[in-house]
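First comes the structure, then the notes that go with it.
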Amino acid sequence: MKIFNPANGELIAEVADDDATSVAAKAAAARAAQPAWAAVPMAQRLAAVQRFRASVVRELDTLAATLTREVGKPIAQARNELNGLLPRLDFFLEQAEAAVREEQVFSGGGMQEQITHVPLGVVANISAWNYPWFVGCNVIVPALLTGNAVLYKPSECATLTGQAITRLLHEAGVPREVMQCLVGGGEVGAALLAQRIDGLFFTGSHATGRRIAHALAGRLVKLQLELGGKDPTYVRADADPKVAAESLADGAMYNTGQSCCSVERIYVHEAVHDDFVRHFLATVATFKVGDPADPGTYIGAITRAPQLEVLEDQVQDAVAKGATLHGGGTRLPGPGNHFPPTVLTHVDHRMEVMREESFGPVIGIQKVKGDDEAVALMNDTRYGLTAGVYTKDEAAARALLARVNAGTVYWNCCDRVSPRLPWSGVGDSGIGLTLGVAGIQTFTRPKAWHLRSP
Ligand code: NAD
């Protein structure tokens, strides 16, 4: 498989990819090796993840450069992703043992009731490219810590990073059969689904998620799908328009807008709308577009070339239906895949840009008259990953966010993930969760023990 730099089209590597036969062999080896790994004391598994963490720190510069070259992520943001991985690893290291500790839930009359948390067995992880360290390790690390073997299919757009994660885990002491990397695109993912697996943990688009759910439908395999979103934020009349605009411009455009929890729709109260738009455009004007390897770059490459057309189509559809375009709107001349920050106002829900995931540096800003209209519009979506509100009034924020259908809600912040909180979606944003204590337990199943003393 050839790997190209999306920022300039250059060939950066050629790697051997898997096929149905090698996928089957890796799955069989993982199945055979898993019981021994589950029998390894937790302390040893924790020590392996500690060593993995140390290697990430040691190799951070090279790993960030690889991520930038293959995904087109600005180098400063690639480093942020790797640095942001460390507290996630620390959370797993601190919580794993307690999360799966045996529980005594009843004792009396000669009867004991206990729960143990046993590994699922062999889990498959089919992963996305936009935050490959985050979305990969959200699954791989707790799955390994809880005694599973992992068949990991990184995105074909983040293969080198996927191979690096795998190598570092092997060097840290995780047996090769227990942690396996499968290289290739959708067909390798499909071959993985055909194997005997005990859980499928997917991060990616809604379209692929649905296909995977169909493929596994008759199989009774535990399924988690972390999919896309169309995440809304509402700026209330009492919010500071400058503070909100600066925060939301970053939330919409960071990672070149290619985040699952990017701000994708903004509703602004009419009292502050014009001020907000002015500050938003001023902030966006400071975002440097260009070579992701340049430390000053804020907007890097669009990783997958077909997305350029999606973005252009959304902009054209919006403008044709009456939106105002404030700069940008079409791809930049090559080489590489580049799209400038693009802001649309006078938008409404007839437009694709307010309904379907953009996954790029494109944002629609819609004027609203008040809270009820904002909540109705925020909930007018088939997705539900995150949603937020900017206001000085905490009680109003809490009341409003309680009415919004989303897995994660934000007050005066956005585009934020915490290892301590569960990460999940509502509706077409997916099923299941990662992170938080529940995101460790999800790689196990509770086994119920009824024990009567003789
Ligand atoms: P994608 O759906 O194109 O690909 C995801 C993975 O599925 C890749 O590894 C791909 O090779 C594999 N795949 C493709 N076809 C397959 C098939 N038929 N069978 C099995 N596997 C197959 O998504 P992407 O472009 O890599 O990622 C972007 C999407 O991911 C966006 O929608 C984004 O919002 C979403 N995402 C969600 C989260 C979250 O936590 N909810 C996090 C990151 C990204």
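Indexing begins at 1, ligand by ligand and atom by atom, following the structure's order. Only this structure's heavy atoms are used, side chains among them; waters, hydrogens and symmetry mates stay out.
F134 does not count as a contact of ligand 1, since none of its heavy atoms falls under 4.0 Å from the ligand. The closest approach between any non-hydrogen atom of A190 and ligand 1 is below 4.0 Å. Remark: distances from the non-hydrogen atoms of G430 to ligand 1 are all 4.0 Å or more.
Taking the six-membered ring where the residue is Trp, F134 and Y131 present parallel rings, their angle staying beneath 30° rather than reaching 60°. In this structure, H349 and Y267 have tilted ring planes: the angle between them lies in the 30° to 60° band. Below 30°, between 30° and 60°, or above 60°: for F443 and F201 the angle between ring planes is between 30° and 60°, a tilted geometry.
Inclusion of S205 in the set of residues having an N or O under 3.5 Å from an N or O of ligand 1 is warranted. Checked against a 3.5 angstrom limit, the closest N/O atoms of W129 and ligand 1 fall inside it. For the pair E226 and ligand 1, the shortest N or O to N or O distance falls below 3.5 Å. Considering backbone and side-chain atoms together, S429 places no N or O closer than 3.5 Å to any N or O of ligand 1. Inclusion of W423 in the set of residues having an N or O under 3.5 Å from an N or O of ligand 1 is warranted.
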Working note: W133 + L67, criterion side chain to side chain contact (heavy atoms under 4.5 Å, CB included); need CA distance, chi angles, decisive distance, verdict. CA-CA 9 Å; W133 284 92; L67 180 53; 4.0 Å; yes
E177 vs W37, side chain to side chain contact (heavy atoms under 4.5 Å, CB included): CA-CA, chis, key distance, verdict: CA-CA 10 Å; E177 297 77 16; W37 176 245; over 6 Å; no
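If you check the side chains of N255 and K73, you find a donor sitting under 3.5 Å from an acceptor.
When heavy-atom distances to ligand 1 are checked against a 4.0 Å cut-off, L227 comes that close only through its backbone atoms N, CA, C and O. At a heavy-atom cutoff of 4.0 Å, ligand 1 is contacted by the side chain of I126 but not by its backbone. Residue contacts with ligand 1 for R304 involve side-chain atoms from C-beta outward but no N, CA, C or O (heavy atoms, distance under 4.0 Å). With a heavy-atom cut-off of 4.0 Å, Y131 does not touch ligand 1 at all. In S127, the part holding a heavy atom less than 4.0 Å from any atom of ligand 1 is the backbone. Within the 4.0 Å heavy-atom criterion, the part of E357 lying near ligand 1 is the side chain and not the backbone.
Given atom 27 (O) of ligand 1, the protein heavy atom at minimum distance is A128 CB, 3.5 Å. Residue, atom and distance of the protein heavy atom nearest to atom 44 (C) of ligand 1 are N130 OD1, 3.3 Å.
Within the 4.5 Å cutoff, side-chain heavy atoms of N130 are placed close to those of F359.
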